[in-house]
Q: 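To start, I am sharing the structure in question, which I have written as C-alpha cells.
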Amino acid sequence: SLRRERRSFSGVGFILASAMELNISSLLCSFRRSIWTICCLAAILQGAVAKLSAEEVKKHLDLGKKLLSEGNLNDALTHYHSAVEGDPTNYLTFYKRATVYLAIGRSKSALPDLDSCLELRPDFSAARLQRASVLLKRAKLDAAARDYEHVLKTQPDSNDARQGLDSIGPVRAAIQHAEEAKRQHDCNTVVAVLESIMEKIPWDAGIRDLRADCYMEMGMYHKAISDIRVTTKLISDNTAAYFRVSQIYYMMGELEETLREVRECLKLDPDHKECYPFYKKVKKLNKQFLKAEELISQGQYAESIDKLDAAMKTEPSEERYEMRVLGRKCHAYYKMHQIKNAMRVCSEILRRDPQNVN
C-alpha cells in the first residue's frame, strides 16, 4: 500500500513537472513571438518613414505653401508636420512650419522650429531675423539683441537687423519706467508708457499682467480682462488667468460670464483647488437668482423672496449681490402690497445708493 502511494505521488510529481515545463516553454514561445512582432512593427514604421521620399516631402511643402496662401492655416500646418517628420534634416521644413505657427499666433511653438532650423543652418539669416523678431515681441530682449548682432556681423547693411537692434534700448527703458511707476502706484503713467511699446512686445505675458493690474486699479475692468485673456494664449494651461478673469466678472455681477471663464479653468484642471469650489458657489448662486426671477415673473412673490434670502446666504459678503437681492425684494414686497416691508427694504437701497432710481 505504501509503495502504491509513493508511486502515485511520484506520478503526480511527474505530471506537475511536465506541466511546469510546458508552461515555461509556452511562455518562452510567446515571448519570442512578442519580440518578433515588435521588431516587425518597428521595421514597418521605419520603412514608412523611409518611404517618404524627397519628392513626397516636396509635395507636402508645396501643398502647405498653397494652403497657406489660401488662408487654410491648419491644413497647411498638417502638411508641414508631415514634411518635418519626413525629412528632419532639412532646415527649410522647420523654417516654413515656424512661419505657419506665427501666422496662427502660436509664437511659442514657432521658437523651437526656428531653433532647429538655425542648428541645421546657422548662417540662415532669414530664420535668425525671424527668431529675433519673435524674441523681441516676447520681451526676451537680450536674446533678441544677440540674434540681431549676429546678422549684422555678416550683413552690416541689414536694415531689419539694425532697426530691430536699435529698438531694444528704448523698449528696455520703457519697461523699467513702467515698473517703477507701478511701484509708485502711478497707474496712469504705467498705462501710457506700456501703450507706447505694446506693439513692439505684444507677446509678453508679464507686461500684459502689469497693465491689467493698473486697469483694475483704475476701474477699467473690461480692458483688464482683455489683457489677461491674451496671456491664456501666451502661457500654456494658464488656469490662473482664467480664474482671475472669472473673479473680475463675478465682482462686476456677471454670473454667466463668470461661469464661462471658470469652466475654461476646469477644462485644464478639473480638480483646481480655487476654480472648483468657486464654480460650485457661482453655479448655485446663479441658479438661485434665475429661480427667483422665474418666480417673480409667475407672480409667486413670497416664494421668490425665499430664494433671494437663500442667495444672500450663498453670497453674504459681496455688496453688489446684496444690492441685487434688496432690489428684487423691494419689487416683490411692493407687488404683494406689503408696504411696510417694501418701504424698509427700498429705503435701505436708497441709503446705500441715493442715485438708484429702480
Q: Given the side-chain rings of Tyr215 and Tyr221, with only the six-membered ring counted for Trp, is the space between their centroids under 6.0 Å?
A: no
Q: Are the side chain of Ser297 and the backbone N or O of Glu294 linked by a donor-acceptor pair below 3.5 Å?
A: yes
Q: Please answer whether the main-chain N or O of Asn74 pairs with a side-chain N or O of Thr78 as donor and acceptor at a distance below 3.5 Å.
A: yes
Q: For the residue pair Pro122 and His150, what are the closest heavy atoms and their distance?
A: O-CE1, 3.9 Å
Q: Looking only at side-chain N and O atoms, does Gln184 offer a donor or acceptor that is under 3.5 Å from a partner on Glu180?
A: yes
Q: Please answer whether the main-chain N or O of Glu318 pairs with a side-chain N or O of Glu315 as donor and acceptor at a distance below 3.5 Å.
A: yes
Q: Before giving the answer on salt bridge (Lys or Arg N to Asp or Glu O under 4.0 Å), spell out for Asp75 and Lys66 the whole-Å C-alpha distance, their side-chain angles and the decisive distance to 0.1 Å.
A: CA-CA 10 Å; Asp75 290 338; Lys66 179 176 181 293; over 6 Å; no
Q: Regarding Glu293 and Lys307, does a basic nitrogen lie under 4.0 Å from an acidic carboxylate oxygen?
A: no
Q: Atom CD1 of Ile305 and atom CE of Met336: how far apart are they, to the nearest 0.5 Å?
A: 5.0 Å
Q: What heavy-atom pair brings Ile104 and Leu77 nearest, and what distance separates the two atoms?
A: CD1-CD2, 4.0 Å
Q: Taking Arg208 for its side chain and Pro202 for its backbone only, find out whether a donor-acceptor pair lies under 3.5 Å.
A: yes
Q: Regarding Tyr91 and Arg121, is there a side-chain donor-to-acceptor distance under 3.5 Å anywhere?
A: yes
Q: Would you say the side-chain atoms of Ser304 pair up with the backbone N or O of Tyr301, donor to acceptor, closer than 3.5 Å?
A: yes
Q: As an exercise, state the distance from CG of Asp204 to CD1 of Ile175, rounded to the nearest 0.5 Å.
A: 6.5 Å
Q: For Lys137 and Leu102: C-alpha separation, side-chain torsions, deciding distance, then whether side-chain contact (heavy atoms from CB on, under 4.5 Å) applies.
A: CA-CA 12 Å; Lys137 288 178 179 179; Leu102 291 172; over 6 Å; no
Q: Does some side-chain heavy atom of Met252 sit less than 4.5 Å from a side-chain heavy atom of His222?
A: yes
Q: Whether the Glu256 and Thr258 side chains hold a donor-acceptor pair (N or O, under 3.5 Å, no angle test) is what I'd like checked.
A: no
Q: Evaluate the side-chain proximity of Thr231 to Asp227: yes if any heavy-atom separation is below 4.5 Å, no if none is.
A: no
Q: Hey, is Glu261 close enough to Arg244 for a salt bridge, meaning N to O under 4.0 Å?
A: no
Q: Determine, step by step, whether Arg162 and Glu149 satisfy the salt bridge (Lys or Arg N to Asp or Glu O under 4.0 Å) criterion, reporting the C-alpha distance in whole Å, the side-chain angles of both residues, the deciding distance to 0.1 Å, and the verdict.
A: CA-CA 8 Å; Arg162 175 55 57 192; Glu149 289 166 353; over 6 Å; no
Q: If the threshold is 4.0 Å, N to carboxylate O, is there a salt bridge linking Glu179 and Lys182?
A: no
Q: Just by modelled atom types, is the Gly164 backbone N or O under 3.5 Å from a matching donor or acceptor in the Ser167 side chain?
A: yes
Q: Quick one: do the Asp87 and Thr89 side chains pair a donor with an acceptor below 3.5 Å?
A: yes
Q: Between Lys108 and Lys233, is there a side-chain heavy-atom distance shorter than 4.5 Å?
A: no
Q: Does any part of the side chain of Thr154, heavy atoms only, come nearer than 4.5 Å to the side chain of Asp123, both counted from C-beta?
A: no
Q: Give a yes or no answer on whether the side chain of Arg128 reaches the backbone of Tyr148 with a donor-acceptor pair at less than 3.5 Å.
A: no
Q: Step through the shown structure and confirm whether more than 12 heavy atoms of other residues, nucleotides or ligands are within 6.0 Å of CD on Glu199.
A: no
Q: Looking at Tyr276, I'd like to know if its OH atom is crowded, meaning that more than 12 non-hydrogen atoms belonging to other residues, nucleotides or ligands lie closer than 6.0 Å.
A: no
Q: If Ile, Leu, Val, Met, Phe, Trp and Tyr residues are connected whenever their side-chain heavy atoms lie under 4.5 Å apart, and connections chain through other members, are Val262 and Phe289 in the same group?
A: yes
Q: Can you tell me how the ring of Tyr250 sits relative to the ring of Phe278, calling it parallel under 30°, perpendicular over 60° and tilted otherwise?
A: perpendicular
Q: Looking at Ala161, is its backbone amide N or carbonyl O close enough to the side chain of Ser158 to form a donor-acceptor pair, meaning the two atoms are under 3.5 Å apart?
A: yes
Q: Taking all non-hydrogen atoms of both residues, which atom of Val345 and which atom of Cys330 are closest, and how far apart?
A: CG1-N, 3.8 Å
Q: State the NZ-CG distance between Lys284 and Leu255, to the nearest 0.5 angstrom.
A: 14.0 Å
Q: Quick check: do Thr93 and Arg97 have side-chain heavy atoms less than 4.5 Å from each other?
A: no
Q: If hydrophobic clusters are built by linking Ile, Leu, Val, Met, Phe, Trp and Tyr wherever their side-chain heavy atoms come under 4.5 Å apart, do Leu234 and Ile201 end up in the same one?
A: no
Q: With salt bridge (Lys or Arg N to Asp or Glu O under 4.0 Å) as the criterion, how do Arg131 and Asp147 come out once you've worked through the C-alpha distance, each side chain's angles and the decisive distance to 0.1 Å?
A: CA-CA 8 Å; Arg131 186 172 73 175; Asp147 272 345; 2.8 Å; yes
Q: Search all heavy atoms of Ala132 against all heavy atoms of Ala144 and return the closest pair with its distance.
A: O-CB, 3.6 Å
Q: In terms of hydrophobic clustering (I, L, V, M, F, W, Y; side-chain heavy atoms under 4.5 Å; direct or indirect links), are Ile197 and Leu136 co-clustered?
A: yes
Q: So does Tyr95 get a backbone contact from the side chain of Thr99, meaning a donor-acceptor N/O pair under 3.5 Å?
A: yes
Q: Once rounded to the nearest 0.5 Å, what's the spacing between atom CG of Leu67 and atom CG of Asp62?
A: 11.0 Å
Q: Just wondering, are more than 12 heavy atoms of other shown residues or ligands nearer than 6.0 Å to NZ in Lys281?
A: yes
Q: Are side-chain heavy atoms of Phe124 and Leu92 found at a separation under 4.5 Å?
A: yes
Q: Transitively linked via ILVMFWY side-chain contacts under 4.5 Å: Tyr249 with Phe243?
A: no
Q: Starting from the C-alpha separation in whole Å, work towards a yes-or-no answer on side-chain contact (heavy atoms from CB on, under 4.5 Å) for Glu319 and Met323.
A: CA-CA 6 Å; Glu319 186 178 12; Met323 290 294 286; 4.0 Å; yes
Q: Measure across Ile235 and Ala205 and return the closest heavy-atom pair with its distance rounded to 0.1 Å.
A: CD1-CB, 3.6 Å
Q: Once rounded to the nearest 0.5 Å, what's the spacing between atom CZ of Arg344 and atom CG of Leu326?
A: 9.0 Å
Q: Should the heavy atoms of other residues, nucleotides or ligands under 6.0 Å from CD of Glu55 be counted, would the total exceed 12?
A: no
Q: Please round to the nearest 0.5 Å and tell me the distance separating atom CE of Met220 and atom OG of Ser226.
A: 11.0 Å
Q: Can you confirm whether Lys329 sits close enough to Asp309 that some side-chain heavy atom of one is under 4.5 Å from a side-chain heavy atom of the other?
A: yes
Q: Do Arg263 and Tyr279 meet the cation-pi criteria used here (NZ or CZ under 6.0 Å from the six-membered ring centre, within 45° of the axis)?
A: no
Q: Return the minimal non-hydrogen interatomic distance between Leu266 and Cys275, and the atom names on each side.
A: CD2-CB, 3.9 Å
Q: Is the closest side-chain heavy-atom distance between Arg211 and Glu195 below 4.5 Å?
A: yes
Q: May I ask whether Ile168 and Leu129 are part of the same hydrophobic cluster, defined by side-chain heavy atoms of I, L, V, M, F, W, Y residues being less than 4.5 angstrom apart, directly or through others?
A: yes
Q: Should we count CE of Met251 as having more than 12 external heavy atoms under 6.0 Å?
A: yes
Q: Hey, does the side chain of Asn238 reach the backbone of Ala241 with a donor-acceptor pair shorter than 3.5 angstrom?
A: yes
Q: Under the criterion side-chain contact (heavy atoms from CB on, under 4.5 Å), I'd like the reasoning laid out for Lys65 against Tyr80: C-alpha separation, chi angles, the key distance, then a yes or no.
A: CA-CA 9 Å; Lys65 182 179 179 181; Tyr80 283 121; 3.8 Å; yes
Q: With salt bridge (Lys or Arg N to Asp or Glu O under 4.0 Å) as the test, would you mind laying out the steps for Lys291 and Glu303 before giving the verdict?
A: CA-CA 10 Å; Lys291 186 62 178 178; Glu303 292 83 355; over 6 Å; no
